[in-house]
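The figures here come from the full heavy-atom set of this structure, side chains too, leaving out hydrogens, waters and symmetry mates. Every chain is numbered from 1, with letters handed out A, B, ... down the list of sequences.
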There are 2 protein chains.
Amino acid sequence: MGQTGNLIGFRPDIKVVDCTLRDGGLVNQFNFSKAFVDALYQTNIKAGVDYMEFGYKASKDLFEKEEYGKWKFCEEEDIRAVVGNNDSDMKLSVMADVGRTDFKTEIRHKKDSVIDMIRVAAYIHQIPAAIEMIQDAHEKGYETTVNIMAISQVGEAELKHGLDMIAESDVDIVYLADSYGACYPEQIRRITDRYMEMAARTGKKIGIHAHNNQQLAFANTLEALTRGAGYLDATVSGMGRGAGNCYMETLLAFLRNPRYDLAPVMEFVQTYMQAEKDKGYIWGYDIPYLLTGVMNVHPSKAIDFMDEKRTDYAEFYQELLDDMELK
Amino acid sequence: MGQTGNLIGFRPDIKVVDCTLRDGGLVNQFNFSKAFVDALYQTNIKAGVDYMEFGYKASKDLFEKEEYGKWKFCEEEDIRAVVGNNDSDMKLSVMADVGRTDFKTEIRHKKDSVIDMIRVAAYIHQIPAAIEMIQDAHEKGYETTVNIMAISQVGEAELKHGLDMIAESDVDIVYLADSYGACYPEQIRRITDRYMEMAARTGKKIGIHAHNNQQLAFANTLEALTRGAGYLDATVSGMGRGAGNCYMETLLAFLRNPRYDLAPVMEFVQTYMQAEKDKGYIWGYDIPYLLTGVMNVHPSKAIDFMDEKRTDYAEFYQELLDDMELK
């Protein structure tokens, strides 16, 4: 596998996926205002975004509806209240976590839904369960993805087995998700190359979902793109759990396809994003996330550190090192 | 030229250069407290930093001493007030801009100075003048660098001519400085490869100084490193003009050589860096810097935008586009 594309032309196979409501919802418990969601939908259409992810299809048995905003559950009528019948070129997606979605009952047939794509998030050991969900969604008529989470913790042999199973499924797009923000670009290159080998023999598409713990979310997205990934996740101002994601602003500024337009996103940022920060919601690169990223662990301890408004970074570093010793 | 090094071992030729006082001084007019500078010096020694840059050797004819902190001028006695005779493994550097330094009189002989290295910053058309300064510093007994600024605006033919002239000089280290934060990693790779070809035939060392306009300062530093650059500029918390620089924290967390220790830098950040931000000094990634970076222009308009506390990003984007049309 080698480089695809260059810095002047563009690849028509690239699809930009806006995950602001979904990954950003992990920051504010999905409590976005109606105005925010309406404006984001219109912004994405104007900006040429290919897919907008509204949130999760979480199980109402496992999660209390009162504790979260509506985009944790993505009821059909809530999406339609924003998009109507979605008379636009942009497709809509929702995410379903393995083990956390009543997919058989909660995901209706495509002909009865305005949703276009179901994205299934799974750890590597959950691939068989993910495939069951994918087949269900595929048979109901949806585009499907499988997003292998915490890719930085997946060994080469495990990845090969997982990709071999996925190759046999009906899934359309296979993501590498660097959930811990632990990967350097050269690791992303190696992993993307493994994915692309599978893609070359199956015709499946490859996607990347990056986190910004080491300020590498955009660089890692570029790296995967350069090696052939076409589905690129981003969020406005990088809003997402912990260190957040690849910034939509940096990604759209990079892409050369005239279908993409940065200006509407600028308008959205100046009107809506600072307001979210002013409410006290915290995301984006900071030292605690750098440390969990470098140590290749879940950002939960860093999120706790930030929530407690601690700033004793040196002590936190020692705590993480102590945790490593106990493993 | 191919990849050098890997993610487990380390390259002993790598040198980390702390530019916090010098590039960070462009944020606060070099008004660092004595406590800040003393602590940074001790921190860098403990962290294993190879060079600490104190500031500029600016001409006192061109710049009023009252308008800047002392690190704009880096008088010998001011440096010695911090480092004594610098009885440490860490070397000290200062920067001299072409045309802004009275180098013949202000840079004394090495035997009378605690400074180890003179770094000469030059735009590509100033290379002949830079070489005059380098020869002077070299003959006085210093290590020398030439830092080609705004590398994103240098054409291939110009770069070849510049590097050919530099190859004939006595300079020790040749930097690519992405002053506008305009380069993507694949451009850094191509440019570094040109530098490395010159290095291969002359024995000179190569360095990188990156800016974070597109959140790529660290990624671009890694890219240059991977292609053979050994001198790596960074600043604590990325403090530097506009979008700032490669973060020392991310760089030290990456490097595998046991000589480097992240912990002292964590201590320094928690004690000193938030305090600088609390004083109202602004640096680091933000949309205006992204836009000047993408458009490959000097960040001055973005700095003005931030100083004026404007947040109308969409309007600023249009203003920059208008400027492009007038060119």
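Of the atoms belonging to B:Glu186, it is side-chain heavy atoms, and not backbone ones, that fall under 4.5 Å from chain A. For A:Phe268, no part sits under 4.5 Å from any heavy atom of chain B, backbone or side chain. Heavy-atom distances place the side chain of B:Asn212, and not its backbone, under 4.5 Å from chain A. Proximity to chain A is absent for every atom of B:Gln274, based on heavy atoms less than 4.5 angstrom apart. For B:Phe316, no part sits under 4.5 Å from any heavy atom of chain A, backbone or side chain.
For chain B, the option among A:Ile287, A:Val294, A:Val265 with the highest count of heavy-atom pairs below 4.5 Å is A:Ile287. Contacts with chain B were tallied for A:Asn213, A:Leu262, A:Thr226; A:Leu262 has the most, counting heavy-atom pairs under 4.5 Å. The most heavy-atom pairs under 4.5 Å with chain B, out of A:Leu216, A:Thr311, A:Val269, come from A:Leu216. Counting heavy-atom pairs closer than 4.5 Å to chain A, the top-ranked of the candidates B:Glu223, B:Glu315, B:Gln187, B:Glu249 is B:Glu249.
The six-membered or imidazole ring of A:Tyr285 lies away from that of B:Tyr285, with a centre-to-centre distance of 6.0 Å or more.
For the pair A:Gln270 (side chain) and B:Tyr313 (backbone), a donor-acceptor distance under 3.5 Å is present.
Inter-residue side-chain proximity for B:Leu7 and A:Arg190 is flagged as met; some heavy-atom pair is nearer than 4.5 Å.
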